[in-house]
Amino acid sequence: MHEPILELSHVSFSYGAKIVLDDINLTIESGDFLGIVGPNGSGKSTLLKILMGLLRPSAGTVKLFGIERHLFRQWTRVGYVAQNVTAFNHGFPATVEEAVMSGLTAALGIFKRPGRPERQMVEDALENAGVCDLKTRMVGELSGGQQQRVFIARALVSRPQLLILDEPTVGVDVDAQERFYELLTTLRKEQGITLLMVSHDIGVVTEQVQSVACLNKKLYFHGSPAEFWSGDTLSRLYGSKARVLHHAH
Amino acid sequence: MFDFLAYTFMQRAFMAGIIAAILCPTIGVYLVLRRLSMIGEMFAHVSLAGVALGIFTGIYPLVSALGLSLLAAALLEALRRTYRMFADLAIAIMISAGISLAVILISLSRAFNADLFSYLFGSVIAITANDLKLVAAVGAVVLALVILLRKELFYIAFDEEAARAAGIPVDLVNSLFVAATALTIAVSMRVVGILLVSSLITVPVAAALQVGRSFRQTVFLSYVYALVAVLSGLFISYHADLAPGGSIVMVCIILFVVSIGIRKVAGIGGRHRVEAEFAGCVEG
């Protein structure tokens with residue numbers, strides 16, 4: 001029996017009178033790879049912000065590892081790669097090593113300085129993300145795909161059990177995207193990391209994930225990619241004329 | 001050539017100058033990278049109001065400047081939280097409040113005199129033993145605070161949203177940092193002058209950004225630049241009988257131009273990086 005990593009029950013959120021999320025129920029179990037898809041403005045990013053504790057839901061409860069979100073303090077168990085990571089200040093003079101080390105800030109606390117064990121954790125994260133050779137390079141000088149891997153390394157450095165990725169392939173070329181999905185598969189299979197990815201790219205996502213959740217204010221579907229394609233979810237989500245263009249790669 | 005170091009007032013000027021040269025880039029590197037350089041300008045204006053308040057009421061001006069700066073830091077945080085979308089407006093309002101209060105108090109106390117000018121442009125002879133003690137004590141507190149929070153400050157400057165999501169107490173760290181900035185400006189203005197103190201915060205960092213190949217290296221270089229500027233600026237100001245603020249900041253500007261030259265010759269960094277940095281410096 002897999003333990004639930006994340007449980008949302010009856011979660012709603014509104015900005016003033018505008019309802020963004022309406023009665024969402026969703027559970028992610030250990031070892032799962034869940035893709036959350038939905039059109040622009042469907043509340044995907046808001047849902048992630050709630051999961052990350054950046055917003056509090058208007059109603060309902062969110063539990064991470066069985067603990068209510070607002071009481072959750074085990075920061076190192078969750079890694080987060082924000083949307084559009086490649087849009088950061090490219091003039092920032094941080095090396096890859098310095099950027100990845102910053103992912104240990106919360107784990108170290110105020111008074112502790114990084115020492116040998118932390119440097120080893122950085123090495124491991126760089127190796128896992130396949131960017132060992134870039135350690136001393138400046139993050140701002142790397143390609144989009146390389147930067148994305150650096151930010152994944154930063155999310156992995158505290159050895160999380162759950163990795164949350166918000167539109168991770170935006171600004172990354174197709175070749176790099178393919179290698180990126182290979183990396184995610186390795187992380188899940190070899191290290192048992194549970195993955196939650198938000199994307200608007202339904203075609204690609206459903207090829208990669210184990211389960212799909214379709215969001216557009218409400219949760220329209222949660223199940224396997226095969227069930228997703230056999231049902232009428234797509235037309236209910238986007239309207240009857242929706243078509244998916246499959247990328248040739 | 002260095003006989004001036006025998007004078008007690010010059011020793012004090014150099015000591016206070018070295019403290020300012022360490023504090024300003026310590027704070028400046030985070031301000032510049034977060035594109036908040038205008039906060040330096042804001043606290044300089046508030047410090048001027050503080051000095052004017054001191055002259056008007058008879059309170060020791062450095063103390064009133066420190067007090068008013070801390071009050072402004074608290075007000076700024078409150079304004080920024082109320083008007084989240086207009087953080088720059090909060091800074092502009094505080095600049096206006098500071099300068100208008102300063103003008104009123106200076107006019108009321110008929111204080112357009114040499115004493116005021118020493119605060120505006122910096123001074124090598126006006127730094128008293130009490131000034132130096134206060135500068136050293138406040139400097140030690142600021143330095144200890146920033147060293148303690150440097151991991152958190154780096155994370156927030158690099159990626160505030162990720163820092164927040166990782167459980168870093170971002171609002172608390174920001175408030176402490178703004179207070180540290182207020183104190184840095186108030187104690188550094190004695191040497192460099194109110195009009196030029198924010199330049200010592202930003203220009204050495206801007207120069208270091210041109211050639212630094214890591215965050216650690218950039219911080220180190222900004223210290224080197226600030227120290228070279230302050231020491232040579234004080235030396236020039238003594239021999240040419242100039243107010244020190246101008247010569248110190250002019251050396252900073254020369255170092256900045258030289259750094260751009262070094263960068264071009266050495267071919268450091270890509271085009272996009274240069275553009276991003278300039279955007280950061282100009283906006284801030």
Side-chain angles (χ1 to χ4, degrees), chain A residues 45 48-49 51-55 72-114 118 135-143 150-151 154-155 157-158 160 164 166, chain B residues 29-30 32-35 144-145 147-170 172-173 176 205-206 208-222 267-284:
Chain A
S45 290
L48 274 202
K49 286 200 168 109
L51 298 184
M52 293 313 302
L54 298 170
L55 290 173
F72 186 80
R73 293 287 177 273
Q74 300 161 4
W75 309 107
T76 54
R77 297 179 81 179
V78 186
Y80 175 51
V81 182
Q83 189 172 15
N84 224 352
V85 284
T86 56
F88 69 103
N89 173 8
H90 284 212
F92 200 103
T95 60
V96 168
E97 189 181 19
E98 287 172 327
V100 174
M101 183 67 88
S102 73
L104 286 171
T105 308
L108 282 163
I110 297 263
F111 294 102
K112 201 160 166 243
R113 301 268 146 251
E118 285 75 23
K135 195 170 141 183
T136 54
R137 295 275 302 277
M138 306 267 274
V139 184
E141 293 173 2
L142 304 177
S143 72
V150 170
F151 285 99
R154 185 181 69 183
V157 70
S158 63
I164 298 180
D166 188 2
Chain B
V29 71
Y30 299 106
V32 169
L33 289 174
R34 296 181 67 182
R35 299 180 175 172
L145 185 72
I147 289 173
L148 195 64
L149 294 176
R150 68 181 168 186
K151 292 195 306 297
E152 286 73 12
L153 287 168
F154 173 84
Y155 203 176
I156 295 170
F158 187 52
D159 193 340
E160 182 166 335
E161 194 191 344
R164 224 177 259 280
I168 308 294
V170 173
L172 175 67
V173 174
L176 289 171
V205 176
L209 274 173
Q210 303 306 314
V211 283
R213 299 295 298 152
S214 68
F215 183 74
R216 185 189 283 258
Q217 214 178 67
T218 305
V219 171
F220 176 76
L221 279 173
S222 61
I268 301 168
R271 187 174 53 84
H272 63 279
R273 189 167 166 244
V274 182
E275 282 167 4
E277 267 161 32
F278 267 101
C281 297
V282 173
E283 276 172 32

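Within every chain, numbering begins at 1; the chains are lettered A, B, ... in the order of the sequence lines, protein sequences first and strands thereafter. The figures that follow rest on heavy atoms only: side chains count, while hydrogens, waters and symmetry mates do not.
- Here the shortest heavy-atom pairing between A/Gly109 and B/Glu152 reads O-OE2, 3.8 Å.
- Put simply, the side chain of A/Glu141 reaches to within 4.5 Å of the side chain of B/Arg213, judged on heavy atoms.
- The residue among A/Ala155, A/Pro114, A/Ala99, A/Gly53 with the most heavy atom pairs within less than 4.5 Å of chain B is A/Ala99.
- The shortest non-hydrogen separation linking B/Phe158 to A/Ala94 is CE1-CB, 4.3 Å.
- Without hydrogens or angle criteria, B/Lys151 side chain to A/Leu108 main chain gives no donor-acceptor distance under 3.5 Å.
- Contacts of B/Glu161 classified as side chain to side chain contact (heavy atoms under 4.5 Å, CB included), with partners at least two apart in sequence or in another chain: A/Lys49, A/Leu54, A/Tyr80, A/Ala82, B/Asp159.
- Summarising the geometry, atom CZ belonging to A/Arg113 is positioned 8.0 Å from atom CD1 belonging to B/Ile147; distances are rounded to the nearest 0.5 Å.
- By the 4.5 Å heavy-atom criterion applied to side chains, B/Leu33 and A/Pro93 are counted as neighbours.
- Atoms OG and CD1, on A/Ser102 and B/Ile156 in that order, are 11.0 Å from each other to the nearest 0.5 Å.
- Of the atoms belonging to B/Ile168, it is side-chain heavy atoms, and not backbone ones, that fall under 4.5 Å from chain A.
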Please determine whether side-chain contact (heavy atoms from CB on, under 4.5 Å) holds for the pair B/Leu148 and A/Phe111, giving the CA-CA distance in whole Å, both sets of side-chain angles, and the decisive distance to 0.1 Å. CA-CA 7 Å; B/Leu148 195 64; A/Phe111 294 102; 3.5 Å; yes
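- Going from atom OG1 of A/Thr105 over to atom CG of B/Leu153 covers 10.5 Å, rounded to the nearest 0.5 Å.
- In terms of heavy-atom proximity, A/Arg154 sits nearest to B/Ala162 at NH2-CB, 3.3 Å.
- The most heavy-atom pairs under 4.5 Å with chain A, out of B/Ala163, B/Pro169, B/Gly167, come from B/Gly167.
- Put simply, the side chain of A/Glu98 gets close to the backbone of B/Arg216: a donor and an acceptor are under 3.5 Å apart.
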I would like to know whether A/Asn89 and B/Arg35 meet side chain to side chain donor-acceptor pair (under 3.5 Å); could you show each step before the answer?
CA-CA 10 Å; A/Asn89 173 8; B/Arg35 299 180 175 172; 3.3 Å; yes
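- When all heavy atoms of A/Gly91 and B/Leu209 are compared, the closest pair comes out as O-CD2, 4.1 Å.
- Proximity to chain B is absent for every atom of A/Ala107, based on heavy atoms less than 4.5 angstrom apart.
- Nearest heavy-atom pair, B/Ala166 versus A/Ala106, reported as atom, atom and distance to 0.1 Å: O-CB, 3.2 Å.
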